[in-house]
Asks: 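Have a look at this one.
Computed from a prediction, not measured in an experiment: that's the story for all the values here. Hydrogens, waters and symmetry mates are skipped; everything else that's a heavy atom, side chains included, is used.
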Amino acid sequence: MIRSIPLHHSAPLQLPLFASSCTGAAHSVQFRLKPQGKRAPGSSSSSSQEVFSETKQGGVKICTVSAFGRRDQDRVLEQEAPENLDTGPMLKVVPGQAFPLGVSEVDNGINFAIFSQHATAVTICLSFNERIDDRTLEFKLDPDDNRTGDIWHICIQDLPRKNVLYGYRIDGPQGWHHGHRFDDSIVLLDPYAKFVEGRRYFGGENKSSGFLGTYDFDSLPFDWGDDYKLPNILEKDLVIYEMNVRAFTADESSGLASSIRGSYLGVIEKIPHLLELGVNAVELLPVFEFDELEFQRHPNPRNHMINTWGYSTINFFAPMSRYASAGGGPLNASREFKEMVKALHGAGIEVILDVVYNHTNEADDVYPYTTSFRGIDNKVYYMLDLRNNGQFLNFSGCGNTLNCNHPVVMELILDSLRHCACLFSLSAPPLIRAISKDAILSRCKIIAEPWDCGGKFNFIHAHQGDCGMKGSFATRVSGSSDLYKVNNRKPYHGINFVIAHDGFTLRDLVSYNVKHNNANGEGGNDGCNDNFSWNCGFEGETEDANIRALRSRQMKNFHLALMTSQGTPMMLMGDEYGHTRYGNNNSYGHDTALNHFLWGQLEARKRDHFRFFSEVIKFRRKHPHLFSRENFLGENDITWHESNWDNPESKFLAYTLHDGNGEDVYLAFNAHDYFVSVSLPSPPTNRKWFRVVDTNLESPQDFVLDGIRGIGSTYNLAPYSSILLKAKAILGMEFSGSRTRREWDDLKNIFVH
């Protein structure tokens, strides 16, 4: 007997696979895919409709996708084997396997596997269209045949090897007080999806776009090239540049074609800038899939915002699809991401990914945004307060906190890291122990980013002239041994930074005393109130030449201190030309010039501000024996020229770094508002001091690579300024009027080189 479903039936048919009634003779059921839209009552259509036929023979379900016209549908109800069906490919369904999680190609088809401990029903949804729409083919999994432990799985034969979208409907207990948030009306994204399809263009008009997984077993593996190799830069030699992929080239001033602005390919075009600056590592703000329009899902004070930072991850495996050029979609995004990494590595620049494993995009119970984990198994994936009605524990400050101590969540993170084999930020102790034992990840560089970075503000306090900060400043520039000299750690295991993406830019640090965040729509309540900043006498932009000069000097002071400190330095994109966000210290939601790199401003500052920043970076890299030491400083490595350690009013610090070969470097920082006459120490034998840096001087005298000779026994150091002197050899020769021209030329070469 044949049982048929009318095609105009409004609900999709969900078939339990391998149902007990399917025994004996071949059993066939016909049903259609979900329609794209509703048909008006009484209307008719002769357009082609799709039918899905399912037959069980010999323990294997055989499914056929067919197409026929509206006039044919009534005849199908009476026909056992209608001859007029345009039969499509046959899809055979078998139970499948539990591992690996996600989608994989096996010998007999495409296997889908997903974890859910508390689910009572799992339905896989498929779409054969290139865009997400309402047409989905659904299979309800049988817990007896399609579940192994807590993993639900199915294998579908004869599926296309690419261009198939998939997701899951999952049902289970409804008690929120027990921690569950199941809702089978939502099609959920596979946490292990390697590609994610959503809207194609960043900030596009389709605000309600869903996110589904897809796969590609058809394309050839990415060609890294026969001569490809990782830069493998020693940690102690890294100079990190924190940047945002989209913001780096999104502005029209980048000069790039509109199709690649704000994309992975756009970064490739600007590699020459990174090389000119002198950095050798980029730390990318999140590049895994996120929804930039998440704030616009419902009316709220932030619904004008576009998430440009990306700290609201939807999936920890798939590269952000809207960073592909020309709206190319997830497969192109993955390929172009690898092209970017390959190009950066080819230029000798390492790539660090900022991966956020402490929370996701799914928010809280006030404005939930269920896309994946929450609907799959909320009680497993998130930390909950089961003593308080199963509410989310919000340690992240973003509405939820991933339960990284759970074995399944920990393995998800480890799998994600293995997938990208890159740097990341995390802090869960069991997870760190697992990484240290992992054959692949134990060889990676790991950067842990706590929310409260206790060391960074000491740079700021000292240069602003705050009292009692000299000792702390000295500790920070010498590698923060109080924080990191444990468990055989090295100074380069600490990341030094004055500025990061969250907070003021360097220019704003010296231009604003308080945050100015009204544009964020939260009434100024967002962002940190403790900015540790000083506006140099006026709040915000000013034409006052003296204030502008002081601000320029302060920015150079900060940069010099950062790049001459022991440890690994990190600077922020845009600080090399003095980018301003006009006092906004939490600009996560502005896809505008507030965050975009402004290439026109860079060109305007190329000969002064940029030049100084670039030269100081390169000076650090040319002197690793002084600034990038393997071990913490010992008594023979540094001399402190200081007798006022206990005087809180003292705001001057000077010291000499010794390299063992006589090429010492003397550094002095004056945070007083008056000149300080500095008694210089004697240089090493047969050496003289040459001035390389004086931040009080205008470009190009503020940095002279070969140094300015003629430095006496004292130096008059200007207010809020700093100097760097380098000892250079003299070879026992003295100047006199009796020297020949050739002898003068020889001496000149000695001093220059």
Side-chain angles (χ1 to χ4, degrees), residues 233-240 277-281 455 459 462 473-481 484-485 489-498 556-571 612-642 653-669 678 680-695 702-709 711 715 722-730 751-753:
I233 300 170
L234 296 176
E235 289 179 79
K236 71 182 187 68
D237 295 327
L238 289 175
V239 178
I240 302 173
L277 179 60
V279 297
N280 58 13
F459 285 109
F473 178 57
T475 301
R476 298 297 159 247
V477 298
S478 56
S480 300
S481 59
Y484 301 117
K485 196 176 182 181
R489 307 300 284 174
K490 304 295 184 179
Y492 53 79
H493 287 136
I495 305 297
N496 297 327
F497 63 98
V498 178
K556 290 189 288 187
N557 291 334
F558 283 126
H559 188 62
L560 180 66
L562 176 64
M563 291 300 161
T564 56
S565 295
Q566 304 302 312
T568 302
M570 182 186 78
M571 64 172 292
F612 181 88
F613 273 55
S614 174
E615 292 290 354
V616 170
I617 292 172
K618 293 171 183 175
F619 188 84
R620 174 190 176 86
R621 292 183 59 186
K622 289 177 181 176
H623 298 83
H625 52 292
L626 287 169
F627 308 119
S628 304
R629 297 178 186 254
E630 181 71 26
N631 298 300
F632 286 97
L633 297 173
E635 292 183 358
N636 296 326
D637 300 320
I638 188 169
T639 299
W640 298 100
H641 308 293
E642 181 57 58
L653 181 69
Y655 56 94
T656 299
L657 291 172
H658 308 293
D659 77 336
N661 295 315
E663 295 187 359
D664 294 358
V665 162
Y666 172 88
L667 285 145
F669 299 90
V678 183
L680 299 178
S682 298
T685 304
N686 294 325
R687 302 290 199 277
K688 293 290 185 181
W689 289 122
F690 283 68
R691 190 196 74 225
V692 177
V693 173
D694 186 338
T695 60
D702 54 358
F703 183 97
V704 179
L705 178 60
D706 295 321
I708 300 296
R709 64 185 179 90
I711 305 300
Y715 196 99
S722 49
I723 59 172
L724 184 153
L725 310 180
K726 183 179 179 182
K728 300 183 70 172
I730 300 302
F751 280 113
V752 170
H753 300 291

Asks: Locate the shortest heavy-atom distance separating V678 from Y666; write the atom from each residue and the value.
Replies: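 Minimum heavy-atom separation between V678 and Y666: CG1-OH, 3.0 Å.
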Asks: Is the F612 ring parallel, tilted or perpendicular to the F703 ring (thresholds 30°, 60°)?
Replies: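 Taking F703 first and then F612, their aromatic rings stand perpendicular (interplane angle over 60°).
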Asks: Looking only at side chains, do D664 and T656 share a donor and an acceptor under 3.5 Å apart?
Replies: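 Side chains of D664 and T656: no pair found under 3.5 Å.
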Asks: Give a yes or no on whether the backbone of N661 and the side-chain of D659 come within a donor-acceptor separation of less than 3.5 Å.
Replies: yes
Asks: Over all heavy atoms of both residues, which pair between W689 and P681 is shortest? Give the atoms and the distance, please.
Replies: NE1-O, 2.8 Å
Asks: Side-chain contact test, heavy atoms from C-beta onward, threshold under 4.5 Å: evaluate it for M571 versus V239 and give yes or no.
Replies: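 No, every pair of side-chain atoms sits at 4.5 Å or beyond.
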Asks: Using 0.5 Å steps for rounding, measure from the NZ atom of K688 to the OG atom of S682.
Replies: 9.5 Å
Asks: Between D637 and H658, is any pair of side-chain heavy atoms under 4.5 Å apart?
Replies: no
Asks: Hey, is the main chain of S722 close enough, under 3.5 Å, to the side chain of T695 for a donor-acceptor pair?
Replies: yes
Asks: Distance check, rounded to the nearest 0.5 Å: L667 atom CG versus Y655 atom OH?
Replies: 4.5 Å
Asks: Which heavy atom of L657 sits nearest to which heavy atom of L633, and what is that distance?
Replies: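 Looking at all heavy atoms of both residues, the shortest contact is CD2-CD1, 4.2 Å.
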Asks: Heavy atoms only: give me the nearest L562-R620 pair and the separation to one decimal.
Replies: O-NH1, 4.2 Å
Asks: Is any side-chain heavy atom of F619 closer than 4.5 Å to a side-chain heavy atom of V693?
Replies: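 SC-SC contact between F619 and V693 ruled out.
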Asks: Would you confirm whether N496, through its side chain, and R476, through its main-chain N or O, come within 3.5 Å as a donor-acceptor pair?
Replies: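 Answer holds: no.
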Asks: What are the two closest non-hydrogen atoms of S480 and F632, and how far apart are they?
Replies: C-CE2, 4.2 Å
Asks: Distance from S628 atom OG to K490 atom NZ, nearest 0.5 Å?
Replies: 14.5 Å
Asks: Find the distance between CG (L560) and CZ (F669) and round it off to the nearest 0.5 Å.
Replies: 4.5 Å
Asks: What do you reckon, are the aromatic ring centroids of H493 and Y484 less than 6.0 Å apart?
Replies: no
Asks: Any chance you could measure E615, atom CD, to M563, atom CE, to the nearest 0.5 Å?
Replies: 13.0 Å
Asks: Would you say E630's side chain and P491's backbone share a donor-acceptor pair under 3.5 angstrom?
Replies: no
Asks: Search all heavy atoms of K728 against all heavy atoms of D706 and return the closest pair with its distance.
Replies: NZ-O, 2.9 Å
Asks: I want to check something: taking the side chain as every heavy atom from C-beta on, are V665 and H623 in contact at a cut-off of under 4.5 Å?
Replies: no
Asks: So L705 and K622, side chain to side chain contact (heavy atoms under 4.5 Å, CB included) or not? Walk me through it.
Replies: CA-CA 11 Å; L705 178 60; K622 289 177 181 176; 3.7 Å; yes
Asks: Rounded to the nearest 0.5 Å, how far does CG of L680 lie from CD1 of I723?
Replies: 6.0 Å
Asks: Would you find a donor on one side and an acceptor on the other, under 3.5 Å apart, between the side chain of H641 and the backbone of A654?
Replies: no
Asks: If we only count heavy atoms from C-beta on, is the L238 to Y492 side-chain gap below 4.5 Å?
Replies: no
